[in-house]
Amino acid sequence: MDVLEAIRGRRSIRAFKSKKVTQETVEKLLDAASWAPSAGNIQPWEFIVVRKPEIKRALAEAALDQTFIEEAPVVIVVCANKNRSSQGYGIRGKTLYCLQDTAASIQNILLTAYSLGLGTCWIGAFREEEAREILKIPQGIRPVAIIPVGYPAETPPPRNRRPISQIVHYETF
Ligand SMILES: Cc1cc2nc3c(=O)[nH]c(=O)nc-3n(C[C@H](O)[C@H](O)[C@H](O)COP(=O)(O)O)c2cc1C
């Protein structure tokens with residue numbers, strides 16, 4: 001699929017079919033994630049693949065009861081390894097680069113999933129410490145996004161975008 005077609009066609013999906021998502025497909029998403037750019041090529045991302053219903057349910061609760069998360073056959077939790085980034089870049093590494101790098105890997109997952117006919121939603125609203133406990137994430141590693149992945153059971157219309165004229169500045173702000 002053409003990159004622009006994926007960028008323009010992707011939607012946040014919040015309803016999923018029960019159809020299985022194979023391990024091979026999940027691995028394609030993770031491979032795409034690993035090809036994101038990262039500061040100094042440090043690759044601070046970590047991925048937790050969740051299929052167990054009880055863990056998905058706990059994550060949905062931690063995500064302020066966004067119950068569609070548990071409907072997805074698989075959930076990928078993307079984490080930022082702050083330690084790895086701070087070793088290379090100190091405070092800027094752990095407060096900024098590791099989140100930027102991880103965000104780029106998340107977008108790769110969303111776009112690749114769309115190109116494979118899958119739906120996803122970037123979930124950022126969750127109680128971080130609760131997610132850390134559920135998933136046994138060590139200190140120094142920050143869960144950044146919960147991504148439910150499944151075959152879409154809805155086709156939402158595009159959300160509006162701010163006009164380019166409102167957001168682009170030339171030469172100075
Ligand atoms: C950092 C971030 C956090 C988000 N958190 C949530 C969330 O907790 N729940 C949700 O349903 N959607 C969440 N979204 C999805 C946005 O609502 C969605 O991307 C936006 O409305 C644009 O719609 P689209 O993705 O279909 O283009 C989040 C997106 C981002 C980038």
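All heavy atoms count here, side chains included; hydrogens, waters and symmetry mates do not. Read the numbers this way: they start at 1 and go in the same order the structure lists the ligands and their atoms.
- When the shell of 6.0 Å around CD1 of I164 is examined, it contains 12 or fewer heavy atoms from other residues, nucleotides or ligands.
- Within 6.0 Å of atom CD in E24, 12 or fewer heavy atoms from other residues, nucleotides or ligands are found, so the atom counts as exposed in its surroundings.
- Sorted by chain then number, the residues whose non-hydrogen atoms approach ligand 1 to under 4.0 Å are R10, R11, S12, R14, Q66, F68, C121, W122, I123, G124, A125, R159, R161.
- Few gaps surround CZ on R84; more than 12 heavy atoms of other groups in view lie less than 6.0 Å from it.
- With salt bridges taken as basic N to acidic carboxylate O contacts below 4.0 Å, one links R132 and E129.
- Atom CZ of R51 sits in a crowded spot, with more than 12 heavy atoms from other residues, nucleotides or ligands closer than 6.0 Å.
- A salt bridge links E128 and R142; the closest N-O separation between the charged side-chain nitrogens and carboxylate oxygens is under 4.0 Å.
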